[in-house]
Amino acid sequence: MKQFSSLKLFVATMLIAGALSPPQALAQVPGRFYWKGLSGGNGVPLIVNSISGNTNPFDPSHRVTGSANVDATLAMAGFAHTFTLADRSAMAAVILPMGRISGDVTVGGKTVTQSARGFGDPMLEFDINILGPKAQKNLPDAMRYEPGFSVDLLADLALPIGEYDNKQSLNIGQNRWYGRLGAPIIWQLGPWVPGRRTTLEFLPAVWLFGNNNDFVGQTMKTDPMYQLDAHLTRDFTERLWGSLDASWYNGGRATINGVQGSKVNNAGVGLTLGYTLNDNLNLTVGYKSTINDNGPQDMRMDAFMVTLVFGWHPIIEGSRRLKSE
C-alpha cells in the first residue's frame, strides 16, 4: 500500500504541478503536465521563476519591444482539484501570479527604464479528457490505469484585475481579457511500470486576446498566437524523472493605434527534472531558453523555474491512517 500510495500521489502532484505552471512564462508547462490521477485529489503549488529577455514574461503574447532588456521574478500560488465529469477525468484550477519586473523599454523612439511589482492577473483553468482511459474513481481503477494514447480539451481564462499602470508599457497585469484553448496529448511508449515509464507529449494551443483600451493612452489589439509544446519524458528511478522540452510560438502581432508590430515566430528548448520528496511533496526544476533569437525583432528569453507542490487525496490519506492503526 505504501508503494502504491507513493505512486498515485506522485502522479497526482505531477498533474497539478504541470497544470498550475505559469501560463505567462516561456514553454510554460513541463512534461507530464496532464498525467491523470485518482479523482478527488487536491494540490497546492508554490512556483518561482527567474526570467530574463526582451519581452514581458507576464504577457503571454510575448510582444517584443525593440531593444528591450527585461528581468523578472515570478512567484505563483494556487489550488487544483481533480474530479470525474461524464465518466471522464477532469480538473479545475486557479493560480495567482505575483512578483516584480524591471527593464529598459523603447517608448516613442526613446529608451526608458520601467519597473512594476505586485499581483498579476489570476488565471482559471479547466481540463477534461475526451480520448483515453476513463476516470479513476477508486483504487482498483488507479491500479489498472495506463494512459495509452489520450487527448484532453483545455481552456484557460485570465481575469484582468492585476496591478496595472496606464502610464507605462511594462506591467504585471495586462488590463485585458485573454485565454487559451488547447488539446493536451499523451502517448505512452513502452510499459507503464514505475521506474520505466516513457511518454511523448504535445500541447497544440491558441491564445486569444481582448483589446487593451488604455495602453499608455492608446488602444492595443493583438492577433491570436499559436503554440506547440513537446516533451519526451523518461523515468530514471521510481521517484526521479526527466524530460527534453521544446516549444514553438507563432503570431501574436500587436497593433497600437493602427500601427502594426512584428509577430512572434520563435522556438525554445529546455530540460526538466522532477523528484518525489515524499508521499505528499513533489519538486520540479527546469530551464528553458529560446533559439533562433538573433534578429532584433526575435523573442529572446531565458527562464529558470522551481516548483514545489503539496498534494493529497482523502482515500489515500485514509488508507495510510488505517494502516498506521
Determine whether [X] and [Y] make a side-chain contact, defined as any pair of heavy atoms from C-beta on separated by less than 4.5 Å.
| X | Y | answer |
| --- | --- | --- |
| Met98 | Glu163 | no |
| Lys288 | Asp245 | yes |
| Asn175 | Asp214 | yes |
| Leu38 | Thr82 | no |
| Thr198 | Trp187 | no |
| Arg88 | Ile130 | no |
| Thr219 | Asn257 | yes |

Closer than 3.5 angstrom, by distance alone: can the side chain of [X] be matched with the main-chain N or O of [Y] as a donor-acceptor pair?
| X | Y | value |
| --- | --- | --- |
| Gln168 | Ser115 | yes |
| Glu238 | Leu240 | no |
| Gln114 | Leu170 | yes |
| Thr55 | Arg63 | yes |
| Asn266 | Met299 | yes |
| Asn280 | Gly311 | yes |
| Arg234 | Arg196 | yes |
| His81 | Gly41 | yes |
| Thr290 | Met301 | yes |
| Arg239 | Thr276 | yes |

Starting at [atom1] of [X], measure out to [atom2] of [Y] and round the result to the nearest 0.5 Å.
| X | Y | atom1 | atom2 | answer |
| --- | --- | --- | --- | --- |
| Asn171 | Tyr164 | CG | OH | 5.5 Å |
| Leu244 | Thr272 | CG | OG1 | 9.0 Å |
| Leu271 | Ser243 | CG | OG | 7.5 Å |
| Met220 | Phe209 | CE | CZ | 9.0 Å |
| Ile186 | Leu203 | CD1 | CG | 10.5 Å |
| Trp248 | Leu228 | CH2 | CG | 7.5 Å |

CZ/Phe236: more than 12 non-hydrogen atoms of other groups inside 6.0 Å: yes
Is it the case that atom CZ in Phe83 sees more than 12 heavy atoms from other parts of the structure closer than 6.0 Å? yes
Salt-bridged, [X] to [Y], with N to O below 4.0 Å?
| X | Y | result |
| --- | --- | --- |
| Asp121 | Arg176 | no |
| Asp235 | Arg32 | yes |
| Asp293 | Arg300 | no |
| Asp152 | Lys36 | yes |

Do the rings of Tyr145 and Trp192 sit parallel, tilted or perpendicular, given the 30° and 60° boundaries? perpendicular
Pair Phe149, Ile185 - check side chain to side chain contact (heavy atoms under 4.5 Å, CB included), show working. CA-CA 7 Å; Phe149 183 83; Ile185 299 169; 3.8 Å; yes
Side chain to side chain donor-acceptor pair (under 3.5 Å) for Tyr178 and Asp156? Distances and angles first, verdict last. CA-CA 8 Å; Tyr178 60 90; Asp156 293 318; over 6 Å; no
Taking all non-hydrogen atoms of both residues, which atom of [X] and which atom of [Y] are closest, and how far apart?
| X | Y | result |
| --- | --- | --- |
| Leu181 | Ala155 | CD2-CB, 4.0 Å |
| Pro45 | Phe79 | CD-N, 4.2 Å |
| Pro184 | Asp127 | CG-OD1, 4.0 Å |
| Leu74 | Pro57 | CD1-CG, 4.2 Å |
| Val264 | Ser61 | CG2-O, 3.7 Å |
| Ala80 | Ala93 | CB-CB, 3.8 Å |

Do [X] and [Y] belong to the same hydrophobic cluster, where Ile, Leu, Val, Met, Phe, Trp and Tyr are linked whenever their side-chain heavy atoms lie under 4.5 Å apart, directly or via other members?
| X | Y | answer |
| --- | --- | --- |
| Leu200 | Leu131 | yes |
| Leu96 | Trp177 | no |
| Leu85 | Val151 | yes |
| Met76 | Phe119 | no |
| Val206 | Leu154 | no |

Do Ile172 and Ile101 pass the side chain to side chain contact (heavy atoms under 4.5 Å, CB included) test, and can you show the C-alpha distance, the side-chain angles, and the key distance before you say yes or no? CA-CA 7 Å; Ile172 293 178; Ile101 184 171; 4.0 Å; yes
Classify the side-chain pair Thr199/Arg197 by whether it contains a donor and acceptor separated by less than 3.5 Å. no
Pair Asp71-Ser102, side-chain donor/acceptor within less than 3.5 Å: no
Taking Leu308 as the fixed residue, which of Val44, Ile47, Leu277, Val48 is the one that meets the side chain to side chain contact (heavy atoms under 4.5 Å, CB included) rule? Leu277
Side chain to side chain contact (heavy atoms under 4.5 Å, CB included) with Phe304: which of Asn49, Ile51, Val285? Val285
Evaluate Gln174 against Asn56 for side chain to side chain contact (heavy atoms under 4.5 Å, CB included), listing each step before the verdict. CA-CA 10 Å; Gln174 299 307 303; Asn56 182 353; 3.8 Å; yes
Test side chain to side chain contact (heavy atoms under 4.5 Å, CB included) on Tyr287 and Leu273; report intermediate values, then the result. CA-CA 9 Å; Tyr287 173 77; Leu273 288 175; over 6 Å; no
